[in-house]
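Along the sequence shown, residues carry numbers from 1. Just the heavy atoms: all of them, side chains too, but no hydrogens, waters or symmetry mates, feed the values below.
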Amino acid sequence: MNIQVKQTHDLWQQLASAPHIQRTKKPRQCGYTMVIDKGMGLQVFQDFLETAAEYVDFIKLGFGTSALYPSHILEKKLELARAFDVHLLPGGTFFELAVAHHEVKGYLHSLRQLGFTAMEISDGTISLPRQKRNDAIKLAKEHGFFLFTEHGKKAAGSSIDLQQFQWNFYEDLDHGADLVIVEGRESGENVGIYDEKGEVDRMVLTEILTLPEQKQIMWETPQKKQQVTLIEQGGSNVNLGNIAPHDLFSLESLRRGLRSDTLLTLLAGNETEL
């Protein structure tokens with residue numbers, strides 16, 4: 001790298017880490033980003049990690065897609081994720097399938113044998129009684145997983161009941177969950193805190209963000225306007241999931257005020273000079 005290029009690069013780095021940007025670095029305790037992989041090819045997956053691993057904490061193999069991979073491809077993705085310090089996990093739908101077939105113990109054992117380091121417990125489609133949910137959380141933690149639980153149903157029109165959410169949230173944390181996901185699906189429309197146009201229910205969001213443990217919530221925000229709203233309301237280090245791989249750098253720019261959508265919000269209260 002010649003001197004001029006290095007000076008330019010140093011300036012860019014300085015601007016990207018200006019005082020108004022309080023972005024956490026890996027290994028993070030908050031400010032997590034979870035990307036959803038709906039079937040990236042191996043070379044694309046590796047290219048993505050080589051470019052973006054610094055800004056990605058988790059990659060979810062969406063739905064039950066991990067069962068459809070050739071075994072050597074799945075093994076290679078797991079190997080690459082470990083090499084780049086990124087947790088790989090299967091989608092919550094796969095857990096729900098294991099519940100339906102009474103194979104939760106076998107499922108968890110298989111995940112560890114394959115090399116997964118994180119997993120998700122959800123009941124977005126099935127019914128999972130509280131005691132069985134508690135038992136599954138305990139068992140998952142005994143297997144050593146970084147554990148997500150999810151709150152919310154996937155059916156169109158389903159919404160978040162604040163009282164029910166708080167009860168489930170604290171129950172999950174008390175039994176060992178690391179992060180609780182607020183359901184938003186991959187569409188971000190007509191589910192959870194989103195209406196049919198993907199607009200955020202700000203009243204529900206504001207109430208949840210007042211919880212002392214709100215840093216242990218991950219919001220599924222597949223749409224840019226949802227990411228902007230969550231960053232405006234929850235700050236640069238709000239936990240965001242269901243991010244498309246091609247939106248990763250866009251999101252990280254939003255987190256750092258490197259896009260106009262969040263620049264003024266993150267500059268607020270800071271002196272600027274030319």
Side-chain angles (χ1 to χ4, degrees), residues 29-32 34 36 57-58 60 62-63 87 89-100 102 104-105 107-108 111 118-143 145-195 200-222 226 229-230 233-234 238-242:
Q29 301 301 312
C30 63
Y32 295 115
M34 179 193 284
I36 184 169
D57 304 284
F58 306 93
K60 177 169 64 177
F63 332 117
H87 287 286
L89 67 152
T93 301
F94 218 169
F95 167 79
E96 296 187 36
L97 187 63
V99 171
H102 308 287
V104 172
K105 289 184 179 180
Y107 171 64
L108 297 180
L111 292 185
M119 67 159 294
E120 178 184 327
I121 288 175
S122 71
D123 58 358
T125 305
I126 66 169
S127 175
L128 186 66
R130 183 70 242 182
Q131 187 56 54
K132 288 188 176 181
R133 186 178 178 99
N134 293 345
D135 292 343
I137 292 171
K138 180 181 178 183
L139 193 58
K141 294 307 293 182
E142 288 174 354
H143 279 74
F145 291 110
F146 188 104
L147 182 62
F148 293 88
T149 58
E150 186 173 59
H151 178 86
K153 294 297 183 181
K154 297 183 183 297
S158 60
S159 59
I160 299 294
D161 178 277
L162 281 170
Q163 186 174 5
Q164 185 66 38
F165 171 80
Q166 290 189 45
W167 186 75
N168 275 331
F169 176 61
Y170 285 112
E171 279 286 300
D172 286 356
L173 294 184
D174 286 345
H175 284 85
D178 294 292
L179 288 174
V180 178
I181 299 171
V182 177
E183 176 68 70
R185 305 209 69 178
E186 74 280 4
S187 66
E189 295 177 352
N190 203 23
V191 68
I193 63 169
Y194 306 125
D195 67 16
V200 177
D201 185 329
R202 290 176 180 264
M203 185 193 75
V204 173
L205 174 62
T206 300
E207 286 292 326
I208 294 177
L209 287 177
T210 63
L211 297 177
E213 296 80 7
Q214 57 92 10
K215 288 186 178 180
Q216 288 179 268
I217 297 171
M218 175 164 281
W219 305 87
E220 291 188 338
T221 54
Q226 296 163 355
T229 299
L230 264 294
Q233 299 296 311
V238 65
N239 304 313
L240 302 178
N242 273 15

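Under the 3.5 Å distance criterion, the side-chain polar atoms of Glu183 are matched with a main-chain donor or acceptor of Arg185.
With a 4.5 Å cut-off on side-chain heavy atoms, Val104 and Phe95 count as touching. In this structure the side chain of Thr125 never reaches within 4.5 angstrom of the side chain of Thr93, judged on heavy atoms. Between Ile193 and Trp219, some side-chain heavy-atom pair lies under the 4.5 Å cut-off. Phe145 has its side chain out of reach of Leu89: every pair of non-hydrogen atoms, C-beta onward, lies at least 4.5 Å apart. Using a 4.5 Å heavy-atom cutoff, the side chains of Asn239 and Ile217 are not in contact. In this structure, Ile137 and Glu171 have side chains that are not in contact, with every pair of non-hydrogen atoms separated by 4.5 Å or more. By the 4.5 Å heavy-atom criterion applied to side chains, Tyr194 and Val182 are not counted as neighbours.
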So Glu120 and Ile181, side chain to side chain contact (heavy atoms under 4.5 Å, CB included) or not? Walk me through it.
CA-CA 9 Å; Glu120 178 184 327; Ile181 299 171; 3.8 Å; yes
Would Leu205 and Leu230 count as a side chain to side chain contact (heavy atoms under 4.5 Å, CB included) if you check the C-alpha gap in whole Å, the side-chain angles of each, and the deciding distance to 0.1 Å?
CA-CA 8 Å; Leu205 174 62; Leu230 264 294; 3.7 Å; yes
Test side chain to side chain contact (heavy atoms under 4.5 Å, CB included) applied to Arg133 and Asp123, step by step
CA-CA 9 Å; Arg133 186 178 178 99; Asp123 58 358; 3.5 Å; yes
List the steps and the verdict of side chain to side chain contact (heavy atoms under 4.5 Å, CB included) for Thr206 and Leu209.
CA-CA 5 Å; Thr206 300; Leu209 287 177; 5.8 Å; no
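Nearest heavy atom pair, residue Phe169 against residue Gln216, reads CE1-O, 3.9 Å. Closest of all the heavy-atom pairs between Ser122 and Glu96 is OG-OE2, 2.7 Å. When all heavy atoms of Ser127 and Pro129 are compared, the closest pair comes out as O-CD, 3.8 Å. Closest of all the heavy-atom pairs between Ala118 and Pro90 is O-CD, 3.8 Å. Among all heavy-atom pairs drawn from Tyr170 and Pro212, the shortest one is OH-CD, 3.7 Å.
Atoms CD and OG, on Gln164 and Ser159 in that order, are 11.5 Å from each other to the nearest 0.5 Å. For the atom pair Ile208 CD1 and Met203 CE, the distance stands at 10.0 Å (nearest 0.5 Å). Interatomic distance, CG of Asp178 versus CE of Met119, reported as 11.5 Å (0.5 Å rounding). Asn134 contributes atom CG, which lies 12.5 Å from atom CG of Leu139 (distance to the nearest 0.5 angstrom). Rounding to the nearest 0.5 angstrom, the gap separating the CG atom in Leu128 from the CD1 atom in Ile121 is 8.0 Å. Rounding to the nearest 0.5 Å places CD of Gln226 at 10.0 Å from CG of Leu240.
Around CD of Glu142, the count of heavy atoms belonging to other residues, nucleotides or ligands within 6.0 Å exceeds 12.
Pairs passing the salt bridge (charged side-chain N to carboxylate O under 4.0 Å, His left out) check and including a residue from residues 204-220, sequence neighbours excluded, read Lys60-Glu220.
Annotation: ring pair (Phe, Tyr, Trp, His ring centres under 6.0 Å) contacts of Phe58 (sequence neighbours excluded): Tyr32, His87, Phe146, Phe148. Annotation: ring pair (Phe, Tyr, Trp, His ring centres under 6.0 Å) contacts of His151 (sequence neighbours excluded): Phe165.
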